[in-house]
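Notes follow once the structure below has been shown.
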Amino acid sequence: MTVRTRFAPSPTGYLHIGGARTALYAWAYARHHGGQFVLRIEDTDVARSTPEAVQAILDGMRWLGLDHDEGPYYQMQRMDRYKEVIARMLEAGTAYRCYTRKEELEALRAEQEARKEKPRYDGRWRPEPGKTLPPMPADVAPVIRFRNPDTGSVAWDDLVKGHIEISNSELDDFIIARADGTPTYNFCVVVDDWDMRISHVIRGDDHVNNTPRQINVLQALGATIPCYAHLSMILGEDGQKLSKRRNAVAVTDFDDAGFLPEAIVNYLARLGWSHGDEEFFSREQFVEWFDLDHITASAAQFNTEKLDWLNQQYIKQATSGYLAAEAARRLALRGIDPEAGPPLEQLVVLYKDRVTNLNELADALTPFFVTPELSAPMLDAHLTVDARASLRALRDRLDRLVVAEWQKAALGQAIKETCIAQGVKMPQVAIPLRVVLLGQPQSPGIDAVLEVMGRDMVLARLDRVL
RNA sequence: GUCCCUAUCGUCUAGAGGCCUAGGACAACACCCUUUCACGGUGUGAACCGGGGUUCGAAUCCCCGUGGGGACGCCA
């Protein structure tokens, strides 16, 4: 059997992080088995679906590197097919028209809730041998309901949750087509998964309750039942359901926050799935290792600190070319011309071990492009009379180095000699020097900073305060 | 309310009856490295929700509680 999985988002907003993980697992499962990954857009909610959201989903998936083999299919373009199947079901008696008004339904629900019962349709329009249906109202456009089996139970072996069995008496005859004739979600999914020959339905566990209904429809259609794997949800850092208000949820939020897509993929892979003690692995390794047996059945809490750590690992091993390009993009976003300073590829090497995300990288690089403001407290704290004397001595020594000699070793030597001559320790020169050059007392090795910053900028910034 | 799912360090997790005086990672803390800050290295503390069974033996299997989550739409 060829493995065929799908990701079926509804385009009502961004690709959020939970959806991204579902997509990642479905993608990885197909790739692992050399099967196909199908993208299907579930846009039957015309009121809430937008083309912008479709684009956001496509962009998010591309950013994460989740390529699909088929699709995107759009449910709105498959209406004829759904209607054809519904007509067949009507004919076969596995579906029927229901003329109950919405108000009647509401009253029924209220009644049931008052009796503390599970709200459900009571089957008043369900045809039974020997049963007299209610008089047909002339002014009601009927919906179409699925005739759910009323005895026995539905069971499946969920690849994540294990055996699940639900009694048919829990299920009511749900609506498969609205009064306006458009089919509903639980029905479209079934037809699509069937038509698209999906072998493994990998989706969020909020669909567990839909599964028995869908299996019943599949059975009524004489279709083969796919395997199901229901993934638990991702909770926010506070243990609450993820929400746009409190959490970064859209994958683009993570791009904006300076995360690498590889880090997100690695993090998501590990959030709810494991391969022994492995924590840091490539996309290729993930595909090779991925299986459904090691998916956690319970909900996982999102943890930014661990994501930060992973992101840092990916930055450390990223090429300077990649980091330079990202730094340039992010500097430009701040209105800084990335060409108007030292070569980014050199700068980035100095900082790649010291930042946890790409925005921090851009922050760290900014003083090489924009002369930093030196606050009065900063000056008072670091540029003491003694410090100024040392810096003046250093400045004169540096001035004697020509551009060709402006190299890390010689610069380090110049600082050391200055320290000896002035009778001070290294930090007493290095710290104020950092403040003058970068506006902050911490930096990579000061000799390396001097080298990359270049003779002109270094001397100019020293002269500014001396 | 009814039904379904779920429960190991603060967090992500390893764990498929004896390998568990429960392992790894993030975070925390300590020390080392160091011209600063990081990085890196070494180490420390930290968990099987509660109660009953089953078994020679249970973190692992079963039941009951409890906590958490989900579903109950002419949304998806």
Side-chain angles (χ1 to χ4, degrees), chain A residues 8-12 42-45 47-49 75 98 100-102 105-106 109 112-121 141-145 158 160-162 164-167 169-172 174-186 188-189 203-212 230 232-233 235 237 239-241 267 270-280 293-294 296-310 312 316 351-356 364 412 415-416 419 425-431 433-435 440-447:
Chain A
S10 60
T12 54
E42 309 215 321
D43 53 356
T44 52
D45 186 350
R48 293 196 300 151
S49 298
Q75 290 187 323
C98 167
T100 314
R101 294 165 205 277
K102 284 190 183 183
L105 248 20
E106 277 162 28
R109 181 169 307 132
Q112 289 164 329
E113 276 168 11
R115 270 184 273 129
K116 305 219 180 268
E117 282 170 15
K118 187 174 186 164
R120 49 158 23 120
Y121 175 64
V143 299
I144 296 168
R145 291 185 182 269
D158 196 278
V160 173
K161 310 261 187 193
I164 300 180
E165 184 160 356
I166 286 156
S167 170
S169 61
E170 290 297 327
L171 273 23
D172 63 0
F174 70 100
I175 292 171
I176 60 177
R178 303 178 178 91
D180 66 5
T182 58
T184 59
Y185 165 78
N186 269 108
C188 299
V189 173
R203 60 189 358 172
D205 75 356
D206 47 338
H207 291 288
V208 167
N209 296 274
N210 293 326
T211 306
H230 287 100
S232 295
M233 17 183 328
L235 272 21
E237 310 246 14
Q240 299 295 113
K241 191 173 177 173
Y267 180 73
R270 195 65 190 65
L271 187 69
W273 171 85
S274 63
H275 186 265
D277 290 338
E278 302 293 344
E279 296 286 351
F280 181 53
D293 299 338
H294 292 83
T296 314
S298 56
Q301 209 167 301
F302 197 89
N303 182 234
T304 306
E305 285 170 337
K306 190 161 181 180
L307 209 209
D308 282 339
W309 172 77
L310 266 175
Q312 190 174 66
K316 283 165 73 167
Y351 283 93
K352 64 194 292 185
D353 288 347
R354 323 169 67 84
V355 296
T356 58
I415 297 172
K416 281 189 192 113
C419 288
K425 299 278 189 195
M426 194 69 158
Q428 293 175 273
V429 174
I431 305 276
L433 183 56
R434 288 186 169 97
V435 168
Q440 53 190 33
Q442 304 90 30
S443 82
I446 191 64
D447 45 1

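Sequence lines set the chain letters: A, B, ... in the order given, protein chains first and strands last, and positions in each chain run from 1.
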Of the listed nucleotides ([options]), which one gets closest to any side-chain atom of [X]?
X: A:R48; options: B:rC5, B:rC75, B:rG69; result: B:rC75
X: A:H294; options: B:rG40, B:rU2, B:rG15; result: B:rG15
X: A:Q312; options: B:rA25, B:rC39, B:rU6; result: B:rC39
X: A:N209; options: B:rG70, B:rC12, B:rA76; result: B:rG70
X: A:D353; options: B:rU6, B:rC39, B:rG1; result: B:rC39
X: A:K116; options: B:rA76, B:rG1, B:rC12; result: B:rG1
X: A:K118; options: B:rC3, B:rG73, B:rC5; result: B:rC3

Whole Å only: how far is the [atom1] atom of [X] from the [atom2] atom of [N]?
X: A:D293; N: B:rG15; atom1: CG; atom2: C1'; value: 14 Å
X: A:W309; N: B:rC39; atom1: CH2; atom2: P; value: 13 Å
X: A:D277; N: B:rC9; atom1: CG; atom2: P; value: 17 Å
X: A:R120; N: B:rG73; atom1: CZ; atom2: P; value: 11 Å
X: A:H230; N: B:rU6; atom1: NE2; atom2: P; value: 12 Å
X: A:Q301; N: B:rA7; atom1: CD; atom2: C1'; value: 13 Å
X: A:L271; N: B:rA27; atom1: CG; atom2: C1'; value: 16 Å
X: A:Y351; N: B:rA38; atom1: OH; atom2: P; value: 14 Å

On the nucleotide [N], are OP1 or OP2 found under 4.0 Å from the side-chain N or O atoms that [X] carries?
X: A:R178; N: B:rA76; answer: yes
X: A:K316; N: B:rA38; answer: no
X: A:R109; N: B:rG73; answer: yes
X: A:S274; N: B:rA14; answer: yes
X: A:S232; N: B:rG69; answer: no

Report which part of the nucleic acid [X] touches: base, sugar-phosphate, or nothing (heavy-atom distance under 4.0 Å, all strands).
X: A:D447; result: base
X: A:T296; result: sugar-phosphate
X: A:P427; result: sugar-phosphate
X: A:V208; result: sugar-phosphate
X: A:N210; result: base
X: A:A297; result: sugar-phosphate
X: A:P9; result: nothing
X: A:N186; result: base
X: A:R115; result: nothing
X: A:G445; result: base
X: A:T356; result: nothing
X: A:I446; result: base

Is it the case that [N] (base atoms only) and [X] (side chain only) share a donor and an acceptor within less than 3.5 Å, ignoring hydrogens and angles?
X: A:K102; N: B:rC74; answer: no
X: A:E279; N: B:rG24; answer: yes
X: A:D205; N: B:rG70; answer: no

> How far does the C1' atom of B:rG10 sit from the matching atom of B:rC5, given to the nearest Å?
Replying inline: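 Per the computed distance, 25 Å lies between those C1' atoms.
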>> Roughly how many Å apart are B:rC12 and B:rG65, using the C1' atom of each and rounding to a whole number?
In response: 28 Å
> With nearest nucleotides of RNA chain B determined for A:H275 and A:V160 from heavy-atom distances, which residue corresponds to the more 5′ nucleotide?
Replying inline: A:V160
> So which one's nearest nucleotide on RNA chain B is more toward 5', A:E305 or A:A177?
Replying inline: A:E305
Taking all non-hydrogen atoms of both residues into account, name the closest pair between [X] and [Y] and its distance.
X: A:K316; Y: A:K352; value: O-CE, 3.3 Å
X: A:F302; Y: A:L307; value: CZ-CD1, 4.0 Å
X: A:I415; Y: A:M426; value: CG2-SD, 3.8 Å
X: A:K118; Y: A:E170; value: NZ-OE1, 3.2 Å
X: A:E279; Y: A:L310; value: O-CD2, 3.9 Å
X: A:V429; Y: A:C419; value: CG2-SG, 3.7 Å

Watson-Crick or G-U wobble partner for [N], using a 3.5 Å limit on both distances?
N: B:rG73; result: none
N: B:rC49; result: B:rG65
N: B:rA25; result: B:rU11
N: B:rG18; result: B:rC56

>> Side chains of A:H230 and A:I164, heavy atoms from C-beta outward: is any pair under 4.5 Å?
In response: no
>> So if I apply the side chain to side chain donor-acceptor pair (under 3.5 Å) rule between A:H207 and each of A:N210, A:N209, A:D205, which one comes out positive?
In response: A:N210
